[in-house]
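Because the structure is predicted, anything quoted here is derived from the model rather than measured.
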Amino acid sequence: MEQRHLGRTGLRVSRIGLGTLTWGRDTDEHDAADLLKTFWEAGGTLVDTADVYGDGEAEYLLGRLMEGLVPRRDLVISTKAGSVPDPDRRFDGSRGHLLSALDASLTRLGTDYVDVWHIHAYDPYTPLEETLQALDLAVSSGRARYAGVSNFCGWQLAKAATWQLAAPGIRTRLASTQLEYSLLQRGVEREVLPAALDLGIGLLPSSPLGRGVLTGKYRDTTPPDSRGASEHLAPFVAPYLDDTASRIVDAVQTAADGLAVTPLQVALAWVRDRPGVTAPVIGARNSQQLTAALSVEALSLPDEICRALDDVSAPVHRYPDHDWSTL
């Protein structure tokens with residue numbers, strides 16, 4: 001699998017990442033082992049997790065699999081901290097919480113360091129410089145090799161990255177940012193992606209298949225074994241089952257038919273090769289789904305197909321994102 005630099009750093013990662021959102025909850029150890037082995041054998045290196053996935057079980061499971069299945073040195077492990085199970089305060093970006101969470105993640109993962117450590121979300125109740133100092137301490141102590149953020153909007157990302165760049169050699173520059181990005185969700189193109197491109201931050205898109213909808217599996221019905229039929233994940237899929245999404249899914253299907261490939265391959269190739277994208281993170285349910293996703297490695301979409309997909313899924317971005325004189 002092709003490797004790409006993560007932002008403006010020397011770290012190289014596979015251009016498709018493996019997500020572990022359902023590990024330890026919907027994905028058991030046997031299926032997780034199949035997924036990790038399939039990914040590794042295909043040349044994949046980037047494995048993304050978080051301390052709240054499966055209430056910590058995802059990290060624990062990944063750590064167990066690294067003991068005997070896949071060598072730790074062959075993987076680029078990314079994890080996140082900052083989300084908390086508190087209905088009154090969903091995110092805790094305090095230095096104390098973040099560093100304690102990192103130590104707990106390392107224990108579950110059974111490793112001395114993570115390759116990339118992300119702040120899971122912006123905490124409006126903690127000074128940003130305090131949150132970012134946790135990244136600096138994690139890297140300076142060797143517990144994390146690189147640092148990033150997740151779910152930061154455009155101004156939050158730009159502020160955080162600029163603060164870090166203001167003291168080179170003392171503060172750790174942001175290597176990456178994680179946000180949802182697909183043909184069904186192009187909101188990052190408004191401000192986040194321009195900021196990331198300008199500041200040399202690599203984008204790691206989550207839900208690159210539109211929460212599974214872009215595969216076409218929901219065109220006629222909801223498969224009983226799908227996330228859309230799952231009690232706790234159905235609300236996650238539901239927003240992308242409207243008429244607008246249906247038109248985009250139809251366009252993806254038309255493109256797939258014309259190229260003699262699958263809708264999954266078309267949708268994934270589109271987001272993988274967007275400017276600023278380092279590696280979409282795929283959350284496959286089993287090794288068969290993952291193998292289908294990894295088959296996109298040999299596919300590059302023709303320019304006319306990309307333009308057609310761009311047009312049918314184009315978000316409305318006017319003032320002030322475009323030159324006011326053209327409006």
Side-chain angles (χ1 to χ4, degrees), residues 3-14 17 45-51 59 72-73 75-83 91-107 109 111-179 188 192-206 276-279 281:
Q3 305 287 300
R4 291 174 171 172
H5 283 277
L6 184 61
R8 206 169 292 159
T9 73
L11 178 64
R12 287 164 58 83
V13 300
S14 54
T45 62
L46 177 63
V47 182
D48 180 69
T49 189
D51 61 349
E59 288 181 331
R72 170 68 180 91
R73 65 180 178 275
L75 299 178
V76 176
I77 302 299
S78 162
T79 194
K80 298 179 281 293
S83 291
F91 310 113
D92 187 345
S94 66
R95 182 174 56 244
H97 170 78
L98 292 173
L99 293 175
S100 293
L102 176 58
D103 288 340
S105 289
L106 294 176
T107 297
L109 288 164
T111 183
D112 295 330
Y113 70 94
V114 291
D115 297 279
V116 190
W117 188 44
H118 290 94
I119 304 301
H120 209 155
Y122 182 84
D123 175 12
Y125 303 108
T126 299
L128 181 59
E129 58 269 28
E130 178 182 336
T131 296
L132 295 172
Q133 190 183 35
L135 296 179
D136 300 333
L137 290 169
V139 172
S140 64
S141 66
R143 288 176 284 176
R145 299 289 168 85
Y146 295 87
V149 296
S150 174
N151 298 308
F152 275 41
C153 70
W155 72 263
Q156 294 165 352
L157 176 66
K159 183 179 180 181
T162 302
W163 176 265
Q164 294 302 96
L165 290 172
I170 299 173
R171 300 176 193 155
T172 301
R173 74 174 299 143
L174 298 185
S176 54
T177 183
Q178 286 193 11
L179 291 102
V188 298
V192 172
L193 198 50
L197 284 165
D198 183 70
L199 293 160
I201 299 169
L203 178 62
L204 301 175
S206 58
V277 168
T278 298
V281 177

Contact between Val116 and Leu11 at the side-chain level, heavy atoms closer than 4.5 Å - yes or no? yes
With the side chain counted from C-beta on, respond yes when Leu193 and Leu179 share a heavy-atom pair under 4.5 Å apart, and no when they do not. no
Check: Thr45 side chain, Ser14 main-chain N or O, donor-acceptor pair, under 3.5 Å: yes
Closest non-hydrogen atom pair between Gly17 and Ala279, with its separation: N-CB, 4.3 Å
What distance separates Ile119 CD1 from Leu132 CG, expressed to the nearest 0.5 Å? 7.5 Å
Do Ser78 and Leu46 have side chains that get closer than 4.5 Å, going by heavy atoms? yes
Show, in sequence, the C-alpha distance, side-chain angles and deciding distance for Asp123 and Asp92, and conclude whether the side chain to side chain contact (heavy atoms under 4.5 Å, CB included) test is met. CA-CA 6 Å; Asp123 175 12; Asp92 187 345; 4.3 Å; yes
Any chance the side chains of Ser83 and His120 put a donor and an acceptor closer than 3.5 Å? yes
Is it true that the side chains of Glu59 and Ser105 contain a donor and an acceptor less than 3.5 Å apart? yes
Looking at CG of Asp51 and CG of Asp103, how far apart are the two atoms once the value is rounded to the nearest 0.5 Å? 12.0 Å
With distance as the sole test, does Glu130 use its side chain to make a donor-acceptor pair with the main-chain N or O of Pro127 at under 3.5 Å? no
Could you give the distance from CG (Leu199) to CD (Gln164), rounded to the nearest 0.5 Å? 11.5 Å
Closest heavy-atom contact between Leu102 and Ala138? CD2-CB, 3.5 Å
Please determine if Arg95 and Asp136 form a salt bridge, counting it only when a charged side-chain N lies under 4.0 Å from a carboxylate O. no
Distance-only, no hydrogens or angles: does the Thr131 side chain make a donor-acceptor pair with backbone N or O of Gly93 under 3.5 Å? yes
When you compare the side chain of Thr111 with that of Leu106, does any pair of heavy atoms fall below 4.5 Å? yes
Locate the shortest heavy-atom distance separating Gly154 from Ala195; write the atom from each residue and the value. O-CB, 4.4 Å
Where Ile201 and Ala161 come nearest, the two heavy atoms and their spacing: CD1-CB, 3.6 Å
Heavy-atom distance under 4.5 Å between the side chains of Asp48 and Lys80, does that happen here? yes
If every non-hydrogen atom of Ala147 is compared with every non-hydrogen atom of Thr172, which pair is closest and at what distance? CB-CG2, 4.2 Å
Within this structure, what is the CG-CG distance for the pair Leu165 and Leu174, rounded to the nearest 0.5 Å? 7.5 Å
Any side-chain heavy atom of Tyr113 within less than 4.5 Å of one from Ile77? no
Whether Ser100 side chain and His97 backbone form a donor-acceptor pair below 3.5 Å: no
Just verifying a value: how many Å separate Leu128 CG and Tyr122 OH, rounded to the nearest 0.5 Å? 5.5 Å
Any cation-pi pair here, Arg143 with Trp117, using under 6.0 Å and within 45°? no
Nearest heavy-atom pair of Ser176 and Leu6: which atoms, and what distance? CB-CD1, 3.6 Å
Check: Thr162 side chain, Lys159 main-chain N or O, donor-acceptor pair, under 3.5 Å: no
Is any side-chain heavy atom of Leu204 closer than 4.5 Å to one of His118? yes
Under the 3.5 angstrom rule, does the side chain of Thr9 hit a backbone N or O of His5 as a donor-acceptor pair? no
Under 3.5 Å donor-acceptor, Arg171 side chain and Leu135 backbone: no
